[in-house]
Amino acid sequence: MNVFNEFKKIVNVEIEDMVASGDLPSGLDLSRIAVEPPRDPSHGDLSTNAAMVLAKPAGRKPRDIADLLAARLATRDEVMGAEVAGPGFVNLRLASSVWYARLAEALRAGPAYGDSALGVGKRVNVEYVSANPTGPLHVGHARGAVVGDALAALLEKAGYAVDREYYINDAGAQVDQLAASAFLRYLEALGEPATDETFARFCPGQEWAYRGDYLVPVGQALAAAEGERLRDLAPEDWLPPVRAFAIAAMMDLIREDLDSLGIRHALFSSERALVEAGRVDEALADLEVRGFVYTGVLEPPKGKAPEDWEPRPQTLFRSTEFGDDVDRPLKKSDGSWTYFASDIAYHFDKYKRGFADMIDVWGADHGGYVKRMKAAVQAITGGEGALDVKLCQMVNLLEDGQPAKMSKRAGTFVTLREVVDRVGKDVVRFMMVTRKNDAQLDFDLIKVTEQSLENPVFYVQYGHARAHSALRNAAETFPDLDSGREALAEADLGGLTDPDELGLIKLIAGWPRQVELAAEAHEPHRLAFYLGDLVSAFHSLWSRGNKETDLRFILPEDPSLTAARLALVRGVALVIASGLAVFGVEPVEEMR
RNA sequence: GCGCCCGUAGCUCAGCAGGAUAGAGCACCAGAUUCCUAAUCUGGGGGUCGCAGGUUCGAGUCCUGCCGGGCGCGCCA
């Protein structure tokens, strides 16, 4: 239960009652009324702007409305105090019993605590990674992979039915180059040297684009499977089978990489399959019927005119109808569809599969593509579909402040696998969501393995481990005490009266709200910051026990209060675990 | 030249769909360990929220224009 939403309902009821009794005119717009935690906790537990929002339309002074509203709210059992402050805020102070009930609810819910009904009945498709099948994933992909996966988990927690999807770009010129590069390794396995000369001889007109070692085993496997059969075929004959073989091998590689991060997509969609099934033609025919396709000539980009620019008629999508800057080409000069065209078909396909809500997670270098894709989704779904694009900025990989070295194996980049093997999956997963997706991220391979405050992963994990340490110690002091969450939910929590204890309970009570806010904004990073705040408050309370021994969690002389304190400790632990679960990070119960 | 993203403390960044006196970590200074894990905690200094207008009860947040940085800009994906 989200306390703030509950009180928003209560405020609305009171407002409607004030309308009924003539204190307010009818027909007011209540949508802008917010019930939020005040920034300054000394202002109380909840705050509403209702009086200020309604003042103008009601033709009354904000303070007057606030006074009436506060008086009404003050009569409720859960409300200990209702004050009018500032320009017309109504600040509420809630009875401790309200907070105890939230803690008990958290304990009963366990890992499901924070689950929301926000998205119940709604389907959303999250497409992420979608790296070209031309090699292993690199660190840049890790961010999109983790952000997409965390976003999917977050939306699931908020009640949405989520599909995780990967779009395989296996239809363009890049995969032909992959095939050629793999063919060279095949020849190498048969005894030819892998040189530019060999490549030029066997793959005329192609470019040896993928030189990394990772294609060597692919060549060997090809040789083992096909023998020398492919060797003397014409390029147009060996290319399709080699391409299919290489793509399959690359996707296996990528799936293994994703698996090392614990990421499993529900569906891998193939661009080539889409094209070969005629779905691009269908989608574009549909778009044409809707009147968004025409033949025209584009202006050259100002200030950056390509050398070989010449105006020529093209098949264009009228994306300017939907806010794009220019109309976008759908066909190449050889008559085949552009990548954009097949991407339109792909998003149309997702829509037809039942996903009106789509989220794509892309690298920032695709930023120039966002407007046209959103425009296309608008056009092809007749305004029914909605696409949100999350752009992930670069990850600066560092080693103790210096740029990290390149990978030998992959040729030009640091692979995701190297990083995961070195620092661990949980560190990678957590660090990637400690920043907004659209802000650049420094990832220091040294610092993330240090055990310090600079390392948010350890800070949060330590909080979880400490909580479990207290629970273990309690079991020794009180062998008969049941510290399971169901039992603790029944404990008398009335002894939790210290402001820091109540503050911690309020943080726990705020978890469902955090989940909903983060889900609505499509911003999983917010939960990472929330976890930091929660753990900080817990560490702080723990430390107070050093000096103020009556504040310790385990009180050998007082089993009843100990039970209440353990309820709090377990509540903290389960919210941490619940949050880490969204990130796919394993909470640890012991760190020594 | 155009579009998108970013600009908040010395550094790295939060800022909860416009709310009250703008926060955290690092770094710096000063403290806490016969203690349930000091991998932690407490206190202190430090700000023209890039600049200038605008919208309104109220702007770091929204709009416009500049400045600075990143990304992108017809038949690459």
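Labels below follow one simple rule: chain letters A, B, ... track the order of the sequence lines, proteins then strands, and each chain is numbered from 1.
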A:Met52 side chain: which of B:C13, B:A20, B:G19 is closest? B:G19
Under 4.0 Å, heavy atoms only, any strand: does A:Glu36 hit a base, just the sugar-phosphate, or nothing? sugar-phosphate
Should the pair A:Phe553 and A:Trp542 be assigned to parallel (<30°), tilted (30 to 60°) or perpendicular (>60°) ring geometry? perpendicular
Rounded to the Å, how far apart are A:His366 NE2 and B:C76 P? 14 Å
Less than 4.0 angstrom between a side-chain N/O of A:Lys436 and OP1 or OP2 of B:C6, yes or no? no
Between B:A38 and A:Arg466, is there an OP1 or OP2 to side-chain N/O distance shorter than 4.0 Å? yes
Report which part of the nucleic acid A:Glu271 touches: base, sugar-phosphate, or nothing (heavy-atom distance under 4.0 Å, all strands). sugar-phosphate
Of all the nucleotides listed (B:A77, B:A20, B:A38), which has the minimum atom distance to the side chain of A:Trp542? B:A38
Which part of the nucleic acid, if any, lies within reach of A:Tyr369 when heavy atoms closer than 4.0 Å are counted: base, sugar-phosphate only, or nothing? base
Just checking A:Lys56: base, sugar-phosphate only, or nothing, at a heavy-atom cut-off of under 4.0 Å? sugar-phosphate
How is A:Ile554 classified with respect to the nucleic acid when contacts are heavy atoms under 4.0 Å: base, sugar-phosphate, or nothing? base
Presence of A:Lys547 side-chain N/O under 4.0 Å of B:A32 phosphate oxygens OP1/OP2: no
Looking at the side chain of A:Thr338, which of B:A14, B:U37, B:C75 is the nearest nucleotide? B:C75
With a 4.0 Å cutoff (strictly under), does any side-chain N or O of A:Tyr459 reach OP1 or OP2 of B:C41? yes
Consider the side chain of A:Ser536, meaning its heavy atoms from C-beta on, and name the nucleotide among B:G19, B:C76, B:C41 that approaches it most closely. B:C41
Between A:Asp360 and A:Lys390, is the closest basic N to carboxylate O distance under 4.0 Å? no
Would you say B:U42 has OP1 or OP2 under 4.0 Å from some side-chain N or O of A:Ser540? yes
A:Phe553 side-chain proximity, nearest of B:C36, B:A14, B:A32: B:C36
Note, A:Val389 side chain near A:His366 side chain (heavy atom, < 4.5 Å): no
Between A:Glu165 and A:Lys350, does at least one N-O distance fall below 4.0 Å, as a salt bridge requires? no
Looking for any heavy atom pair under 4.0 Å, which part of the strands does A:Ala34 touch: base, sugar-phosphate only, or nothing? nothing
For A:Phe322 and B:C4, give me the distance from atom CZ to atom C1', rounded to whole Å. 20 Å
From the set B:C75, B:C36, B:A14, return the single nucleotide nearest to any side-chain atom of A:Arg312. B:C75
Salt bridge flag under 4.0 Å for residues A:Asp67 and A:Arg63: no
Using whole Å, what does the distance between atom C1' of nucleotide B:G43 and atom CZ of A:Arg544 come to? 15 Å
On the nucleotide B:G25, are OP1 or OP2 found under 4.0 Å from the side-chain N or O atoms that A:His539 carries? no
Base, sugar-phosphate, or nothing for A:Pro87, non-hydrogen atoms under 4.0 angstrom? base
Provide the distance between the two C1' atoms, one in B:C51 and one in B:A38, to the nearest whole Å. 46 Å
If you look at every strand shown and take non-hydrogen atoms under 4.0 Å, does A:Arg526 touch a base, only sugar-phosphate, or nothing? sugar-phosphate
Residue pair A:Leu441 / A:Thr434, side-chain heavy-atom distance below 4.5 Å: yes
Out of B:C36, B:C76, B:A38, minimum distance to the side chain of A:Asn473 belongs to B:C36
Between B:U37, B:C16, B:C71, which one does the side chain of A:Met591 approach most closely? B:U37
From the candidates B:C41, B:G15, B:A14, the one with an atom nearest any side-chain atom of A:Glu523 is B:G15
Contact class for A:Asp334 (heavy atom, under 4.0 Å): base, sugar-phosphate, or nothing? nothing
For B:C73, give the paired nucleotide (Watson-Crick: N1-N3 plus N6-O4 or O6-N4; G-U: N1-O2 and O6-N3; both under 3.5 Å), or none. B:G1
